[in-house]
Amino acid sequence: MPIHSSIGPVQWRAVVQQIAQLPDARTRTLPTVQAEGFILAEPLLAARPAPQFPQSAMDGFAIRSIDAPHRTYRVIGDIPAGVTGGILTADGDRLDLDHSTLDEHPSALRIMTGARVPDGFDIVVPVEHTDAEQTGPLPASITIHPDAAAEPTTFTPGRHIRDIGEEIPRGAELAEAGRRLTPTLIAVALAAGTSEVTVQEPRRVAIIMTGDELVSAHSADAGDSGEVLESNGPALAASLRHFGVRSSVEHISDEPAALIAAVARRAADSDLIITTGGVGSGAYDVVKAAFAAGTDSPAAGASRFEHLAMRPGGPQGVGTYSGVPMVHLPGTPVGAIVGFHLFIRPLFETVPSDIMVPAEQAEEANTGHGPRTPRRRGAEVKPAVIEHREGAVVVREVPGRRLLPYATADAMMVTGLQGTDEVLVIPLLTGK
Ligand SMILES: Nc1nc2c(c(=O)[nH]1)N[C@H]1C(S)=C(S)[C@@H](COP(=O)(O)OP(=O)(O)OC[C@H]3O[C@@H](n4cnc5c(N)ncnc54)[C@H](O)[C@@H]3O)O[C@H]1N2
Ligand code: MOO
């Protein structure tokens, strides 16, 4: 009986997406400062423009372009950043600008980076382009250095002034719905006055690991008489966190009845159930025994299983239990991680990340040459980073890395993936 099907990862992804449909995420509104890691349910918009007022981009002196190209200005006041409406005299008193007297002499105001540029003033000359000291009392006058004055841009209206909304226009879309709120995005939102965000309620995923041989690295039982140190559950939970998902991890014994009981319990409050292990070709493959068609299990036929034309991550399954989708990943840690990226991750991505790249594109991007002949039938999977640069997808293979299992006979550790992180993506180097 042929064990390996000819179905490839691209087709399998379509099968998984069709069977494992997640319910629409509920939404809630949160203060922006508490929203790190949540997924935007609506586009993130700028509540205010940034800057909110014409703002000096330099420490220096504000002048009026109608006085230019004078080189010498009397200094009539001081504007420290953050003093509301504040122009101060040399004595520290409040100064009301009288625009009629301004016309009598070319006048300048000392101004700090970030301060509001008063009406009528439209150029800032950096302090180092003048004869003024950088610190100390307000000078009575300043003279612009000849070489700076000879530079035409020095006197261009708007020079060294950030206009209202120049960095972020009011109402600008800062991020589209589906993006994860990163620390940077939180900073941008707050800078644009957006103090609340509408996010998805985190999806809940139950991860169920099978394998009687598994023991935790913390366990005193971690010996050499057949115990295997388990790593899939925490790795999958951590991967899911990057998609705003909350997950539980549980390890059950290799009894179909125990597995079905665990799935039934978790189905009550989960949007998706992931199992690992027990999908191979062996005599004790518990996930298949519980859910494959043609057995006498009470849940027989709940899931479909295939051994994909792909390595690693060949054996895969998908189904539903009580209407809750289940994805069955292989037990080998590298197969589980590859299966996660190719088949589970797209279920949570409202903004697709093109993790499958046509062979030609991936090869060309990696080497500058056309595709090479695949060494083996079916798809081969390699770790890589995908970047989007100026509209083009750039694939960069993680240098010197292979997924080790198939570099060395039948090892199966995830060594070779360390050093990559959640940007790890897996292009398919052959087009199946
Ligand atoms: N006769 C054949 N045997 C196998 C085939 C095949 O085509 N014919 N395929 C191989 C491939 S490829 C894979 S992948 C595995 C899939 O097996 P299972 O999904 O049933 O995985 P298990 O047997 O449960 O475990 C495999 C291996 O991984 C270890 N493991 C399992 N869970 C964890 C965990 N949570 N953390 C760390 N390590 C884990 C487990 O102890 C086993 O050593 O089948 C091949 N066999
Ligand atoms: O498909 Mo398995 O994950 O290659 O070892």
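Order of listing sets the numbers, starting from 1, for every ligand and every atom in it. Keep in mind it's a predicted model, so treat the numbers as computed, not measured. By convention here, the first residue in the shown sequence is residue 1.
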Inset, instruction - Please indicate whether Glu255 has more than 12 foreign heavy atoms, meaning atoms of other residues, nucleotides or ligands, lying under 6.0 Å from its CD. - result: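 Open.
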Inset, instruction - Inspect the surroundings of CG in Asp296 and state if more than 12 heavy atoms from other residues, nucleotides or ligands are less than 6.0 Å away. - result: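 No, CG of Asp296 has 12 or fewer neighbouring heavy atoms, counting only those of other groups under 6.0 Å.
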Kindly identify the option in [options] whose heavy atom sits closest to [atom].
atom: atom 32 (N) of ligand 1; options: Gly331, Gly280, Ala336; answer: Gly331
atom: atom 34 (C) of ligand 1; options: Asn232, Thr275, Val215; answer: Asn232
atom: atom 22 (P) of ligand 1; options: Gly314, Gly278, Gly317; answer: Gly278

Inset, instruction - Please determine, by modelled atom types, if His145 and Thr130 share a side-chain donor-acceptor pair under 3.5 angstrom. - result: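 Checked: His145/Thr130 side chains show no N/O donor-acceptor pair below 3.5 Å.
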Legend entry - ligand 1 contacted by Leu229 (non-hydrogen, < 4.0 Å):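 Within the 4.0 Å threshold, so yes.
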Inset, instruction - Could you tell me if any non-hydrogen atom of Pro315 lies under 4.0 Å from any atom of ligand 1? - result: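 Yes, Pro315 has heavy atoms under 4.0 Å from ligand 1.
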Legend entry - Separation between CZ of Phe348 and CD of Gln200, rounded to the nearest 0.5 Å: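 It is 10.0 Å, given to the nearest 0.5 Å.
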Inset, instruction - Quick one: pull up CZ in Phe340 and CG in Leu329 and give me the separation to the nearest 0.5 Å. - result: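 Answer for the CZ-CG pair, Phe340 versus Leu329, is 9.0 Å.
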How does [X] reach ligand 1, if at all, at less than 4.0 Å between non-hydrogen atoms: by side chain, backbone, both, or neither?
X: Glu230; result: both
X: Val279; result: both
X: Pro330; result: both
X: Pro333; result: side chain

Inset, instruction - Report yes or no: does Thr154 contribute a side-chain atom to a donor-acceptor pair with the main-chain N or O of Ala148 at less than 3.5 Å? - result: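 Yes; at least one donor-acceptor contact below 3.5 Å.
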Inset, instruction - Would you please test Ile123 and Val125 for side chain to side chain contact (heavy atoms under 4.5 Å, CB included) and show each step? - result: CA-CA 7 Å; Ile123 291 171; Val125 181; 4.2 Å; yes
Inset, instruction - Would you mind listing which atoms of ligand 1 come within a distance below 4.0 Å of any non-hydrogen atom of Ser231? - result: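 Contacts of ligand 1 toward Ser231, numbered from 1: 34 (C), 36 (N), 37 (C).
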Legend entry - Atoms of ligand 1 close to Asp285 [distance to a heavy atom under 4.0 angstrom, numbered from 1]: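 Contacts of ligand 1 toward Asp285, numbered from 1: 20 (O).
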Legend entry - Trace of the side chain to side chain contact (heavy atoms under 4.5 Å, CB included) decision for Ile260 with Tyr321: CA-CA 9 Å; Ile260 294 170; Tyr321 188 93; 3.8 Å; yes
